[in-house]
Colleague: 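Below is the structure I would like to discuss, written out as structure tokens.
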Amino acid sequence: MTLTFASILHSAGIDPDQALVIRHAYVREHEDSGLPGLHADSTDAEILQYTSKHSARPRIFPTAPPRIWVVFIREGGDRARLWSVLENRGETSNDGTLRTFDLVTSEQMADLRNRLVIGWRSPRTWRINATTAAGYPVMEIADAEPVPFPGFDRLVLDHAQLQAVMREHRYASWRTALASVIGVYLITDTRDGRQYVGKADGAESIRQRWSAYATNGHGGNTELRNLDPTSFRFSLLRVFDPATPTRQIDAAESHFKTALDTRRHGLNRN
């Protein structure tokens, strides 16, 4: 049985009826607008800008394009490699010839960027409805390139990134590093700046503690249960060897709660 793009869309929570699929090719200029095209060294910013501009003629580009755009880059033959999924936030300009859209990168299918390759059955077509692309075969899902661990003192993750670190193969070295230490960590609610100081000690590593946050957002902490974890930012304040006595971890946790005043102005209750 052939795996199709429909399965990938479903796993990403993308409704094919509400999505557009685009395949860019390396060309000297944009066929719709005459603007400079893409080349093998185009940056992500250049590809995003290129994707945002389209002909004002309805025959060439939909009058009301959907919110989700899935963008591929053409490879040899009928292969198309996923570049990114974009969210269309609406048209920003239209001079009768050229339309410009406000596009932002979505986290949907982020773990498949530059890895997913589908077979493009319409060689002369550069954009199609996702309902059509859903039937296209998946030709390859390449192994993810490992992401180097930045170091404990440089680690800052939002909740979506934390979930990726705990799930994706490319972050295997991160999980190994986080499993090797215990210590004191900081969670900041970026909506209002309130902070929570927590600890992982005894037999519980930072990896184990943070896995709970990745799973349910609150890690069992009463103070965090009713907050939206999508606005959380995670960082490490101090790490220790797992053999460090619990009393030393407790003292460090208490110090940071006092230093950051998280009992009175933050999210710590004690």
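When reading the values below, keep in mind they use all heavy atoms of this one structure, side chains included, and skip hydrogens, waters and symmetry mates.
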Colleague: Knowing that exactly one of Phe234, Phe256, Phe240, Tyr213 qualifies, which makes a ring pair (Phe, Tyr, Trp, His ring centres under 6.0 Å) with Tyr185?
Modeller: Tyr213
Colleague: Without swapping roles, check the side chain of Lys53 against the backbone of Arg99 for a donor-acceptor pair under 3.5 Å.
Modeller: no
Colleague: Considering only NZ, NE, NH1 and NH2 on the basic side and carboxylate oxygens on the acidic side, decide whether Arg79 and Glu140 come within less than 4.0 Å.
Modeller: yes
Colleague: Could you tell me if the ring centre of Phe61 sits under 6.0 Å from that of Trp69?
Modeller: yes
Colleague: If you take the centroid of each ring, where Trp contributes its six-membered ring, are Trp126 and His54 closer together than 6.0 Å?
Modeller: yes
Colleague: Would you kindly say whether Thr230 and Asp228 are connected by a side-chain donor-acceptor distance under 3.5 Å?
Modeller: yes
Colleague: Please determine whether a side-chain nitrogen of the Lys or Arg among Arg247 and Asp250 lies less than 4.0 Å from a carboxylate oxygen of the Asp or Glu.
Modeller: no
Colleague: Rounded to the nearest 0.5 Å, how far does NZ of Lys257 lie from CZ of Arg264?
Modeller: 16.0 Å
Colleague: For Ile14 versus Ala19, what's the shortest heavy-atom pair and its separation?
Modeller: CG2-CB, 3.8 Å
Colleague: Could you tell me whether Asp78 and Arg121 make a salt bridge, using a distance below 4.0 angstrom between a side-chain N and a carboxylate O?
Modeller: no
Colleague: For Ser122 and Tyr136, test the side chains for any donor-to-acceptor distance below 3.5 angstrom and give the result as yes or no.
Modeller: yes
Colleague: Might you confirm whether atom CZ of Arg170 has over 12 heavy atoms from other residues, nucleotides or ligands at distances under 6.0 Å?
Modeller: yes
